[in-house]
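These notes are about the structure you will find just below.
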Amino acid sequence: MTPRFFNTLGRRVEALAPAQAGKVGLYTCGPTVYNHAHIGNLRTFLFEDILRRSLEYLGYEVHQVMNLTDVDDKTIQGAHAAGLGLDEYTEPFIASFFEDLATLRVQPAQEYPRATHHVAEMIELTEELVARGHAYEKEGSVFFRIASDEDYGKLSGVDVDQVVQGDRVASDEYGKDDVRDFVLWKAAKPGEPTWDSPWGPGRPGWHIECSAMSMKYLGNSFDIHCGGVDNIFPHHDNEIAQSESATGEPFAKVWLHSEHLIVEGQKMSKSLGNFYTLKDLLALGKDPRAMRYLLLSVNYRQKLNFTFEAIEASGAALRRLDEHRFRLQHAVESGEAKPRVAELCEGLTSDFGAALADDLNLSAALAVLFGFIKETNIVIESGGLGAGDRERILTALARVDQVLAVLDPSQWTQASAEGPSDEEIQGWVDERDAARRRRDFARSDELRDRLAELSIVLEDTPDGTRWKRG
RNA sequence: GGCGACGUGGCCAAGUGGUAAGGCAAGGGUCUGCAAAACCCUCAUUCCCCGGUUCGAAUCCGGGCGUCGCCUCCA
């Protein structure tokens, strides 16, 4: 099935048409490693993970590149304030970033190029822009001349002539010809890390790194470019301007942007005290699996209202899914395979794919999943499963979990050897059943209470007692 | 000032011209020695307000109210 996406460039939904059939080149704007990632950043990375996994679900081979911005104003300032070298300063944040991705089970990209390792490519691209008359040098800095680019701003639709100039433009800049021009190369300032260039020592501007690295790994033209909505202008407009002016070829074909998340209805900010990193939430005892579920359950083009209540609701939704898996494991198979089960499994995998193909409609995809859960519960309840049905259902669930990555609790639990073993627990459960059979309810309730204290949940059913850790 | 998004049941959230998905919560039922857990069922004549177009609108158009984002290095 051919997926359709809302392309920011043109602002309409269009069918994906990769340059190479069956293969997708994907560039995703990565983190600036001056701090731990906050949940807003992670929403975007999770959206990109879902995109990547969805494309793979639909049969595409995806080549994903995500940059690490390890040199810019913030990293330089941070390193300076900490009295560290740039690398020394960014390294722990890079490590922290990869930890967070692993915690949320984000599938790694094939490449994570770092800006500081690609300065040569950026210089080369800048030289090309100068040679073509799209950029000019001024006191050791190089600027992109916006007036030289006919369709500048085509992504955001911003009319540059109308842009109100902020006060800070003047402060950081170095005498541009036109106040709207943006910097490609910054002349060295005292105390900043520098690289040698044809214009003297300096460091790259921010926008140029994504152009240089995306084209290096994916070619001058590639299929999809992603980022947060805040990057549309100016970052992505500038990338397009630089890249297309330098190569004369179209840059990324499809642009996908994820909306921001807000916290308890308000913009997340440190001053409001509602600013959270993933590590903050883990420290509060929040379940990373529920966070992945929450962050992926809302359409990426919709603002996501992140609340503690919503984390709880996500956890409850997961418990329902876990319960289904649990029932499945204890269900008895008898007789021939049920045609209804095969039909449901078929429906799940195809309807789920159709929802993904519709601009990553995860809400619809989850509705398909819950419909499947309910229907298979009914089959289990009325008459039970036939030979091979359990495996059939588990296989279908594993298929959709290639995208969701939240369905299998065993992938998430850190093995804790705390408490009694399964065998011990089973022994007490058996003993309680025996007491119940001889109607010694005092004894059976005593055992039930003891197990409850160990947060073992019992489920008495007509087929016997099942138990699970709560 | 410019550009853009959004407003759907108690909460979260799909649906963008054909008569309101799904999750959480809530209520009822089944099961049970009693419970618990679980499962099943029920739960918006209506989609911020007012006009208009249409056989038909939550969906399109106009106006209003409200919330929010971007406007030179914030995902």
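The chains referred to below are lettered A, B, ... by the order of the sequence lines, with proteins before strands, and numbering in each begins at 1.
At least one side-chain heavy atom of A:Ile456 sits less than 4.5 Å from a side-chain heavy atom of A:Arg469.
For the pair A:Arg301 and A:Phe6, the cation sits on the ring face: its NZ or CZ lies under 6.0 Å from the ring centre, inside 45° of the axis. The side-chain tip of A:Arg203 does not point at the ring of A:Trp195 from less than 6.0 angstrom away and within 45° of straight on.
Taking atom CZ of A:Phe370 as the reference point, atom P of B:A25 lies 11 Å away to the nearest angstrom. In this structure, CZ of A:Phe6 is placed 14 Å from P of B:U16, rounded to the nearest angstrom. Rounded to whole angstrom, the span from the CG atom of A:Leu304 across to the C1' atom of B:C6 amounts to 14 Å. A straight line from CG of A:Leu321 to P of B:G23 spans 10 Å, rounded to a whole angstrom. With rounding to whole Å, A:Glu312 atom CD is found 16 Å from B:A13 atom P.
A:Phe45 and A:Phe97 have their aromatic ring centers within a separation under 6.0 angstrom. Taking the six-membered ring for Trp and the full ring otherwise, the centers of A:His236 and A:His257 sit less than 6.0 Å from each other. Taking the six-membered ring for Trp and the full ring otherwise, A:Phe352 and A:Tyr57 have centroids separated by under 6.0 Å. The aromatic ring centres of A:Tyr276 and A:Phe306 sit 6.0 Å or more apart.
Separation of the C1' atoms belonging to B:G52 and B:A57 is 12 Å when rounded to the nearest angstrom. Rounded to the nearest Å, the gap between the C1' atom of B:U45 and that of B:G18 is 16 Å. Here the separation of B:C50 from B:C55, taken at their C1' atoms, is 23 Å to the nearest Å. For B:C12 and B:A21, the C1' atoms lie 14 Å apart once the distance is rounded to whole Å. Comparing the same atom, C1', in B:A58 and in B:U19 gives a spacing of 11 Å after rounding to whole Å. Rounded to a whole angstrom, the distance from the P atom of B:G27 to that of B:U46 is 25 Å. For the P atoms, the distance linking B:C48 with B:G15 amounts to 15 Å, nearest Å. Remark: the separation of the P atoms in B:C68 and B:C73 is 23 Å, to the nearest Å.
Listed nucleotides: B:A21, B:C68, B:G15. Nearest to the side chain of A:Ser363: B:A21. Candidate nucleotides B:A5, B:A75, B:U72 were compared by shortest atom distance to the side chain of A:Thr32, and B:A75 ranks first. Listed candidates were B:A21, B:A75, B:C24. Nearest to the side chain of A:Ala317 is B:C24.
At the phosphate of B:C73, neither OP1 nor OP2 sits under 4.0 Å from any side-chain N or O atom of A:Asn238.
Summarising the base pairing, B:C39 is matched to B:G29 through a Watson-Crick or G-U wobble pair whose two defining distances lie under 3.5 Å.
The residue among A:Arg11 and A:Gln302 whose nearest nucleotide of RNA chain B lies closer to the 5′ end is A:Arg11.
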Contact letters for nucleotides 28-41 of chain B, in which S counts primed atoms plus P, OP1 and OP2 and B counts the base, heavy atoms under 4.0 Å: -----BBBBSSSSS
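Contacts of A:His235 with the nucleic acid, taken as non-hydrogen atoms under 4.0 Å apart, are absent.
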